Amino acid sequence: GCDPQTLMKYAGLALHKAKANGKHQVQVFTEALTAEASYKLFVESNLRRALAQNELAVHYQPKLCLRSGQLLGLEALLRWQHPEKGMIRPDRFISVAEETGLIVPIGKWVIREACRQARELAEAGLGELQIAINLSPKQFTDPDLVGSIAAILHEENIPASQLELELTESLLLDATDDTRQQLERLKSLGLTLAMDDFGTGYSNWTYLRDLPITAIKLDQSFTRDLAGSPKAQSVTQAVIGLASQLGYRVVAEGIETHDTFHLLQAWGCHEGQGYLIAQPMLPEQLEDWLRR
Ligand code: C2E
Ligand code: MG
Ligand code: MG
């Protein structure tokens, strides 16, 4: 920067980034921070409109029983179809939605949309498939979370057992008494709870034990490049073994090759999803896929 205003602005961006990274950080300003800040501004100013103007869509990725090959359910994955920028993946906007609080209405919209589409599939004779929905920790700050899920299930006429909620490790690690109560209430409604992206954080079995979680989703880092690495194979096999012994249903993500599929199957992994089986699809494509 060549003038005081620019220097102060850059220092401010670096300060903001340092705070976002946690306590006691040093952050030097780089050009990337300006790009990041203007992208964030773009998301902030467009996302509210996105929800109001139907720019959001839910895609569905099938999950199979690895033993029988039977279709068990679908994971609902959010997409943003921006009129100029095209499709934006959730990784590019969920964090801003969390910061601004917009994740609360967006999250409810996803649940309603997924329940409505599950009912339409059932009415079209395509079966009552389990639907897995990703929840952000921020949604648990909404005192109405459990009540609104119960209301949506009732209004859309979907049995609670058909819904699985995928939770993040950070939610479970930082679970306050209030969060624990919400999880217990969700469980008593009849929903199942899964821990998503297992293996990316602390992956501590002790705190899992005290929470009403019944399924563990192995992160893609466990399934990526399995075939070439005996060490990775040992780790993944051991984690599947331990999780199963502890009574968890184990779901593998990111299955891209036949080799990976067969290894996971041989190690007793219960369920799997990935591009080998199917990409996430819009409801119309999904219906064709299901009929085939
Ligand atoms: P996730 O829940 O772990 O979802 C799995 C991600 O892996 C999805 O990315 C999916 O498209 C991708 N994937 C599936 N199969 C394969 C494969 O074979 N290979 C590879 N490389 N990737 C595969 P996506 O859809 O971009 O979603 C990213 C993350 O965004 C999700 O990770 C989830 O944490 C979050 N997310 C998605 N939808 C929602 C939502 O409605 N609410 C919230 N709070 N978060 C969401
Ligand atoms: Mg997920
Ligand atoms: Mg995951």
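Everything quoted here is computed from the prediction, not taken from an experiment. Sequential numbering from 1 along the given sequence is applied to the chain's residues.
Contact detail for N134 and E75: the closest heavy-atom pair is ND2-OE2, 2.8 Å. Nearest heavy-atom pair, I106 versus A97, reported as atom, atom and distance to 0.1 Å: CD1-CB, 4.4 Å. When all heavy atoms are compared, the tightest approach of A227 to Q233 is O-NE2, 3.3 Å. In terms of heavy atoms, I103 sits closest to I94 at CD1-CD1, 4.0 Å. Across K108 and S148, no two heavy atoms sit closer than the pair CE-OG, 3.3 Å. Smallest separation of non-hydrogen atoms from G147 and R185: N-NH2, 4.3 Å.
V251 and I213 fall into different hydrophobic clusters, where Ile, Leu, Val, Met, Phe, Trp and Tyr residues are linked whenever their side-chain heavy atoms come under 4.5 Å apart, directly or through other members. In this structure, I216 is not a member of the same hydrophobic cluster as L72, with clusters built from ILVMFWY side-chain heavy atoms closer than 4.5 Å. In the hydrophobic clustering of ILVMFWY residues, with side-chain heavy atoms under 4.5 Å counting as a link, L78 and V96 come out together. Linking Ile, Leu, Val, Met, Phe, Trp and Tyr whenever their side-chain heavy atoms come within less than 4.5 Å puts L173 and L171 in one cluster. With hydrophobic clusters built from ILVMFWY side chains whose heavy atoms lie under 4.5 angstrom apart, L129 does not share a cluster with L77.
Here Y60 contributes atom OH and I131 contributes atom CD1; the two are 6.0 Å apart, rounded to the nearest 0.5 Å. Interatomic distance, NZ of K17 versus CD of Q27, reported as 6.5 Å (0.5 Å rounding). Note that CD1 of I133 and CD of E166 are 9.5 Å apart. Values are rounded to the nearest 0.5 Å. Between M195 atom CE and L167 atom CG the span is 8.5 Å, to the nearest 0.5 Å. Separating the OG atom in S161 from the CD atom in Q130 is a distance of 9.0 Å, to the nearest 0.5 Å. Rounding to the nearest 0.5 Å gives a distance of 9.5 Å between CD of Q273 and CG of L64.
Between W289 and Q285, the closest side-chain pair of non-hydrogen atoms is not below 4.5 Å. The closest side-chain heavy-atom distance from S45 to L41 is not below 4.5 Å. At a threshold of 4.5 Å between non-hydrogen side-chain atoms, the residues L71 and L290 count as touching. Residues R49 and E55 form a side-chain contact, since some pair of their non-hydrogen atoms from C-beta on lies under 4.5 Å apart. Looking at L286 and L126, their side chains never come closer than 4.5 Å, going by heavy atoms from C-beta outward. Contact of the L135 side chain with the I111 side chain is registered, since non-hydrogen atoms from C-beta on lie closer than 4.5 Å. L145 is listed as a side-chain neighbour of Q182, based on a closest heavy-atom distance under 4.5 Å. Residues F140 and D142 fail the side-chain proximity criterion, which asks for heavy atoms closer than 4.5 Å.
Using a 4.0 Å cut-off between charged nitrogen and carboxylate oxygen, E256 and R224 do not count as a salt-bridge pair. Between R119 and E123 there is a salt bridge, with a side-chain nitrogen of the basic residue lying less than 4.0 Å from a carboxylate oxygen of the acidic one. A salt bridge is defined here as a Lys NZ or Arg NE, NH1 or NH2 lying under 4.0 Å from an Asp or Glu carboxylate O, and K40 with E99 meets this definition.
Heavy-atom contacts from other residues, nucleotides or ligands closer than 6.0 Å to CG of N54 number 12 or fewer. In M8, the CE atom is not crowded: 12 or fewer heavy atoms of neighbouring residues, nucleotides or ligands sit closer than 6.0 Å. Within a 6.0 Å sphere centred on CG of D225, heavy atoms belonging to other residues, nucleotides or ligands number 12 at most. Annotation: K9, atom NZ; neighbour count of heavy atoms from other residues, nucleotides and ligands within 6.0 Å does not exceed 12.
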Stepwise side-chain hydrogen bond (donor to acceptor under 3.5 Å, both in side chains) check, S221 with D219 | CA-CA 5 Å; S221 50; D219 185 66; 2.9 Å; yes
Mind running side-chain contact (heavy atoms from CB on, under 4.5 Å) on L218 and E253 for me, showing each step along the way?
-> CA-CA 6 Å; L218 292 186; E253 293 184 342; over 6 Å; no
Kindly determine whether L191 and L153 satisfy side-chain contact (heavy atoms from CB on, under 4.5 Å), including the steps that lead there.
-> CA-CA 10 Å; L191 281 83; L153 288 169; 4.0 Å; yes
Verdict with reasoning, I255 to L264, per side-chain contact (heavy atoms from CB on, under 4.5 Å) | CA-CA 9 Å; I255 305 178; L264 292 166; 3.7 Å; yes
Does the pair D3 and T6 meet the rule for a side-chain hydrogen bond (donor to acceptor under 3.5 Å, both in side chains), with working shown?
-> CA-CA 6 Å; D3 55 80; T6 313; 2.7 Å; yes
Between E287 and R291, is a salt bridge (Lys or Arg N to Asp or Glu O under 4.0 Å) present by the stated rule, with each step listed?
-> CA-CA 6 Å; E287 274 203 47; R291 287 186 205 283; 3.0 Å; yes
Any chance you could lay out the side-chain hydrogen bond (donor to acceptor under 3.5 Å, both in side chains) test for E164 and T192, step after step, and finish with the verdict?
-> CA-CA 5 Å; E164 177 151 288; T192 54; 2.7 Å; yes
Could you go step by step and tell me if D210 and R180 meet the side-chain contact (heavy atoms from CB on, under 4.5 Å) rule?
-> CA-CA 9 Å; D210 303 329; R180 284 169 189 275; 4.0 Å; yes
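Side-chain atoms of S229 never come within 3.5 Å of backbone atoms of L226 as a donor-acceptor pair (strictly under, hydrogens ignored). Looking at K217, its side chain never comes within 3.5 Å of a backbone N or O of D197 through a donor-acceptor pair. With hydrogens and angles disregarded, a donor-acceptor distance shorter than 3.5 Å links the side chain of S234 to the backbone of P230. In terms of modelled atom types and a separation under 3.5 Å, the side chain of Q139 and the main chain of S136 share a donor-acceptor contact. Remark: the backbone N or O of L242 is not paired with any side-chain donor or acceptor of Y248 at under 3.5 angstrom. Judged purely by atom type and a 3.5 angstrom limit, H270 uses its side chain to pair as donor or acceptor with the backbone of V250.
Geometric assessment of K85 against the ring of F42 yields a positive cation-pi assignment under the 6.0 Å and 45° thresholds. Taking the centre and axis of the six-membered ring of F93, the NZ or CZ atom of R79 falls outside the cone set by 45° and 6.0 Å.
There is no side-chain donor-acceptor pair under 3.5 Å between E44 and T100.
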